[in-house]
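Just below is one structure, and these are the notes that go with it.
To find a chain, count down the sequence lines: A is the first, B the second, and so on, and within it residues start at 1.
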2 protein chains.
Amino acid sequence: MLETLNIGRESDGQAAPRIDRRGARRAATKAEIIDAAWALVREHGLGALSLRDLGERVGMRAPSLYQYFPSKHAIYDAMFGQGMREALAAVDAAIDGLDARTALRTQARVIFEFATSDPARAQLLFQRTIPGFEPSPESYAPALELSERLQTSLLAAGITDPDAMDLCTALVSGLINQQLANDPGGERWARLVDRTVDMFFASVAPAASAPKKRSPR
Amino acid sequence: MLETLNIGRESDGQAAPRIDRRGARRAATKAEIIDAAWALVREHGLGALSLRDLGERVGMRAPSLYQYFPSKHAIYDAMFGQGMREALAAVDAAIDGLDARTALRTQARVIFEFATSDPARAQLLFQRTIPGFEPSPESYAPALELSERLQTSLLAAGITDPDAMDLCTALVSGLINQQLANDPGGERWARLVDRTVDMFFASVAPAASAPKKRSPR
DNA sequence: GTCTATATTTGGATAGAC
DNA sequence: GTCTATCCAAATATAGAC
């Protein structure tokens with residue numbers, strides 16, 4: 001499972017290496033380091049990650065980590081990229097084959113669940129809380145793809161309002177925020193996701209939002 | 001202006017002192033320190049506040065600050081309390097005399113403007129980003145009062161849905177978040193505040209939300 | 001490839017002189 | 001009430017041995 005993660009991407013921007021065991025081993029170690037980093041930030045908070053602790057967790061000293069990542073920010077960046085790819089994968093897996101409107105609702109649910117199930121991850125991916133850090137273009141790419149999924153679903157649902165997308169992200173982001181800030185691990189805002197989506201549909205595409213009504217045209 | 005801030009509150013929980021110039025002077029210095037702290041966090045970020053910088057800003061050495069605040073967290077706490085009191089004051093000043101529905105809309109606008117106009121302050125007041133810090137009950141009190149204002153306005157508007165308040169805070173919080181995270185200083189989500197409030201009214205109290213309609217009962 | 005040792009910086013906080 | 005001096009701790013990062 002480890003070696004499936006980054007095969008072929010192990011180059012840090014250089015030319016792709018041949019298929020050598022050396023590179024595979026190295027990639028596996030990097031993945032192990034990132035996994036340990038996730039465990040630590042879940043345990044002690046995102047900002048509390050230290051190279052000492054991280055090294056200890058993977059059975060090496062802090063300086064040895066520099067063989068795998070050139071800086072602490074590079075570790076955050078790898079975590080960011082992995083997290084965003086996971087979010088994208090979760091959305092893609094969930095909306096496959098659904099009609100446009102159901103796909104939108106599902107995206108809201110999936111992103112909400114994804115974000116609230118791991119506060120530290122949500123903090124890294126969706127807030128700007130680490131002083132000098134901003135994701136590299138490569139790590140940010142899946143975030144852009146995520147936006148595209150939303151835009152695509154909106155269009156497929158016949159929603160052409162240019163503000164619909166901003167409105168939609170604000171709604172989901174607000175539910176996530178309140179849940180994390182005021183009721184972490186609870187259900188207080190989770191219960192309101194579907195209702196909020198209904199509200200969104202009613203506002204942005206009122207014609208098709210009331211299934212009981214008989215005024216299709 | 002400085003000495004109007006905290007007169008009578010200078011006791012750190014002890015019995016109230018007589019009206020002495022000593023206490024007034026001390027309170028003024030504390031206020032000056034807090035003002036300088038705000039300037040620093042606006043400049044370098046909330047987490048980048050250091051006692052060295054702060055001391056330099058007010059013309060004293062870092063250790064001297066301990067004559068006024070027992071710890072760095074106590075400084076954050078004073079900032080938190082001041083910020084929340086300001087938010088409450090801004091809301092109270094804005095909704096005075098308004099009808100319930102207009103008061104709700106105004107609260108959303110005012111809080112949005114208050115939060116987005118100072119990102120560092122918003123981070124302190126509305127996110128949990130500083131590792132060990134959480135506000136003292138005294139500093140948190142105005143935040144509770146702010147919630148009461150919202151609840152009062154909702155009831156006055158005839159909105160008895162128990163989820164309305166959570167929904168409302170999520171909406172405003174989402175708009176604020178997206179504005180701060182993706183378009184700081186811009187208007188992209190600011191433009192959507194009124195529309196979002198309309199959407200909220202339509203969802204939570206549909207009867208009175210469409211002024212054109214003629215079905216008051 | 002991992003280690004020890006260390007450089008460097010930075011920060012919060014305390015002790016005691018003045 | 002402010003200062004100097006210092007402590008203590010922690011963190012990132014580098015150099016060079018093995």
>> Any donor-acceptor pair under 3.5 Å linking the side-chain atoms of B:Thr116 with those of B:Gln179?
In response: no

> Roughly how many Å is it from CG in A:Leu65 to P in C:dT2, rounded to a whole number?
Replying inline: 10 Å

Look for any protein N or O under 3.5 Å of an N or O in nucleotides 12-15 of chain C and output each such pair with its distance, or none.
unit_1 : atom_1 : unit_2  : atom_2 : d
C:dG12 : OP1    : B:Leu49 : O      : 3.4
C:dG12 : OP1    : B:Lys72 : NZ     : 2.6
C:dG12 : OP2    : B:Leu51 : N      : 2.8
C:dG12 : N7     : B:Arg52 : NH1    : 3.4
C:dA13 : OP2    : B:Tyr66 : OH     : 2.8
C:dA13 : OP2    : B:Lys72 : N      : 3.0
C:dA13 : O5'    : B:Tyr66 : OH     : 3.0

>> I'd like to know if B:Asp161 and A:Arg195 make a salt bridge, using a cut-off of under 4.0 Å between side-chain N and carboxylate O.
In response: yes

> Rounded to whole angstroms, how far apart are CD on B:Glu56 and P on D:dT2?
Replying inline: 16 Å

> Do any N or O atoms from the side chain of A:Asp92 and from the backbone of A:Asp96 form a donor-acceptor pair under 3.5 angstrom?
Replying inline: no

> In whole angstroms, how far is the C1' atom of D:dC7 from the CZ atom of B:Arg61?
Replying inline: 18 Å

> Without hydrogens or angle criteria, can the side chains of A:Gln123 and A:Thr129 be said to hold a donor-acceptor pair below 3.5 Å?
Replying inline: yes

> When the distance from CZ of A:Phe69 to P of D:dT14 is rounded to whole Å, what number comes out?
Replying inline: 16 Å

> Roughly, in whole Å, what's the span from CG in B:Asp53 to P in C:dG11?
Replying inline: 6 Å

>> Looking at every non-hydrogen atom in both residues, tell me the closest pair between A:Ala100 and A:Ser153 and how far apart they are.
In response: CB-O, 3.9 Å

> Between D:dA13 atom P and A:Gln67 atom CD, what is the distance in whole Å?
Replying inline: 14 Å

>> Under 4.0 Å from OP1 or OP2 of D:dT2: is there any side-chain N or O of B:Tyr68 that close?
In response: yes

>> Could you tell me how far apart A:Arg25 (CZ) and C:dG1 (P) are, to the nearest whole angstrom?
In response: 10 Å

>> Test of understanding: with side-chain hydrogen bond (donor to acceptor under 3.5 Å, both in side chains), list the residues that count as partners of B:Glu145, not counting sequence neighbours.
In response: B:Arg149

>> How many whole angstroms separate atom CZ of A:Arg26 from atom P of C:dT2?
In response: 10 Å

> Nearest to the side chain of A:Ser64, which nucleotide is it out of C:dC3, C:dG1, D:dT2?
Replying inline: C:dC3

